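The structure that follows is given in the form of structure tokens.
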Amino acid sequence: MAHKVLLPTDFSIDSLKVLKSYLQQSPPDSSFDIVLAHGQTLSDSISDLLFFSKYRLLKELNIEHFEDAVKILQNKYDSKLKNIHIDIFTGHNQSAFQNYLNGNKIEEIVVSENRSFKPCNKKSFDLTKYALKTKAAVKITKINCEQEGSSLSADAADISSLFNNQMALSQ
Amino acid sequence: MSKINIQFKAIMMLFLSIIGLTIILGVIVYVSINNYMYDDFFNTLKIRANTVAKISVDGANRDSTFVSGYSVIHKDVSEKLKNENDYVFKIEGSNTYQHKIFSDSLRIPISFFNTLAKTGDAEYIKDKILYKGVLYKYNGRSYYVIASAENYFENKLIRYLQRTLLFSIAIATLFALVASVYVSKNIFKPIDRITNKVKQISSENLHLRLDEERYNNELNKLIGTFNDMLNRIETSFETQNNFISNASHELRTPLTGIIGTADVCLSKIRSTEEYVETLSIILDEAGKLDRKTKALLFLAQTGFDGKVQKFEKVRIDQLLWDCIATIEKLDQKNKVHFDTSLLPENSKKLKVVGNEQLLHLAFTNIIGNGCKYSDNQVVHVSIGASNDKVFIVIRDTGIGIPKDELKYIYDPFFRASNTQKYEGYGIGLPLTRNIIRMHSGKITVRATENMGTTVQIDLPIAHTQ
């Protein structure tokens with residue numbers, strides 16, 4: 001059975017390094033079902049809520065580069081990753097997050113230890129604080145990603161920064 | 001010529017379909033109303049026949065008030081029918097014989113009476129006169145009651161209907177003609193505009209682009225494609241123009257060296273050592289000339305001659321290994337680290353349709369640049385693949401490129417201001433870009449001065465049939 005893991009993300013390539021490091025450290029015969037979750041407050045307008053669609057919301061966020069990078073990782077860890085999908089968490093309190101974890105049957109949350117959250121628009125918020133406070137029986141793993149060359153790749157859409165991380169480890 | 005044909009076709013199609021629809025509608029309305037009118041008239045006649053039966057058959061046995069009541073209905077209340085005639089036949093004895101007599105007296109076929117006897121109901125039309133027969137039973141006796149009258153609806157209403165329908169078809173024709181001409185003109189107007197604009201574009205004004213049309217998605221796609229094509233044509237034109245002017249200059253530099261050295265050497269008798277020195281200088285310069293010519297030749301080929309190259313499936317990781325081997329062979333000091341940490345597990349995701357030699361040249365160029373401008377520090381080559389693209393990232397920690405010069409790096413013979421102490425001709429990057437473009441890929445260069453350069457190349461994956 002695939003191990004279900006939640007990763008808070010801000011849709012920057014940088015945030016995927018956490019996933020990359022996590023997968024690198026995992027034992028070779030493990031299998032994962034990854035949820036990349038992003039916090040997004042919903043609009044209060046009734047018509048917006050009526051026509052709410054996660055698919056469209058993701059499209060509006062314009063995360064093609066992020067999706068490409070996810071695909072790169074998926075191709076790399078093809079045998080380990082049973083499934084990986086991008087999701088949006090729209091709750092706004094701790095218990096909503098709790099329900100989200102229960103509903104998705106999350107077994108583990110992986111957060112970055114030293115990476116700061118960069119909101120991709122006005123409505124995005126960091127899930128890490130909910131993750132750290134949760135009282136559910138969920139394992140929390142903290143990953144320390146080396147922030148090498150962060151000045152070189154300030155651009156959140158720069159796919160090449162996904163590769164940079166590895167260089168930091170190899171040097 | 002062919003455009004006019006399409007426009008004419010569009011007009012005709014629109015026109016004919018509108019006309020066709022109107023005519024079909026008209027015919028259906030006409031036929032159904034006509035049928036309905038006959039049915040309706042036969043119903044009127046049936047009521048007439050029944051009234052007549054009440055008057056003449058029942059009336060013979062009842063009191064006068066009963067008869068006068070029905071007579072009032074018949075004469076005064078019901079509407080007048082043209083040429084109305086009512087007949088009542090009493091049935092006695094053999095059917096066939098009687099039917100013959102009845103049919104002779106009314107001059108209508110005998111089958112009318114046969115159906116009447118069988119089903120108790122019969123209809124017949126002679127000229128414009130309609131006959132409706134009813135089998136009426138009273139006190140165990142049977143009577144044929146027949147009402148007949150001229151269908152005046154036929155003459156009045158149907159004529160009127162015909163006129164109205166013909167008139168509306170005529171109006172529809174006119175309208176269809178106007179509408180189809182207007183619509184097709186409107187559809188083809190932007191195409192006309194595009195054609196005219198494209199006609200203006202020639203080799204002198206390749207910078208011109210087509211404007212996007214409003215509210216016209218399909219045409220905007222065409223315009224976008226056309227503008228993309230113009231972009232490519234413009235770059236190759238520019239490459240060619242610069243190529244000629246710069247190439248002659250570049251080729252002259254070593255030639256001047258050769259001529260000058262030989263000239264000085266020949267001015268008097270020299271010692272053997274001096275001849276050896278001179279010849280080695282000449283050889284060196286000639287070598288440079290050779291390399292330049294080769295590089296220029298490659299640039300020229302990739303810039304203008306896409307058809308000559310053979311495209312086949314290439315595995316990018318193998319190609320990169322080859323490139324790295326070449327680089328390391330060229331200079332022992334070059335250090336390249338091939339990072340396969342994101343290499344996809346499925347090797348199908350690494351296959352690209354392309355020309356191996358050209359791609360080899362492109363990658364060797366980039367990696368070589370990385371080695372050269374970082375004074376032989378380690379150059380990192382990484383590879384990864386999404387579902388439709390292969391990503392190759394080449395990163396060095398060299399001198400980088402000044403920010404305001406980044407936009408010129410693809411100009412042939414351009415060299416950044418911080419490259420003075422490195423040897424080069426400024427051909428490598430434009431050449432590489434041409435090659436990557438030929439493979440419908442994308443090249444992105446990110447650089448910070450004195451920090452290093454990252455080159456990212458995306459190539460589309462070959463789709464397995």
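All values reported here derive from a predicted model rather than from experimental measurement. Chain A is the first sequence line, chain B the second, and so forth, proteins listed ahead of strands; every chain is numbered from 1.
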Quiz item: Under the salt bridge (Lys or Arg N to Asp or Glu O under 4.0 Å) criterion, do B:Glu345 and A:Lys80 qualify, and how do the steps go?
Solution: CA-CA 10 Å; B:Glu345 288 177 357; A:Lys80 274 189 194 174; over 6 Å; no
Quiz item: Which bit of B:Ile383 comes within less than 4.5 Å of chain A, counting heavy atoms only: side chain, backbone, both or neither?
Solution: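 Contact with chain A: backbone only.
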Quiz item: Can you name the closest pair of heavy atoms from B:Thr397 and B:Ser374 and give their distance?
Solution: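 Closest pair (atom of B:Thr397, atom of B:Ser374, distance): C-CB, 4.1 Å.
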Exercise. Kindly state whether the ring of A:Tyr22 and the ring of A:Phe32 have centres lying under 6.0 angstrom apart.
Key: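 Yes - the distance between ring centres of A:Tyr22 and A:Phe32 falls below the 6.0 Å cut-off.
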Quiz item: Non-hydrogen atoms of chain A under 4.5 Å away: do they reach the side chain of B:Leu342, the backbone, both or neither?
Solution: both
Practice problem: Counting only heavy atoms closer than 4.5 Å, note whether B:Thr444 contacts chain A via side chain, backbone, both or neither. | Solution: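 When you check distances to chain A, no heavy atom of B:Thr444 falls under 4.5 Å.
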Self-check item: Full working for side-chain hydrogen bond (donor to acceptor under 3.5 Å, both in side chains) between B:Asn418 and B:Glu405
Solution: CA-CA 10 Å; B:Asn418 55 354; B:Glu405 288 176 23; over 6 Å; no
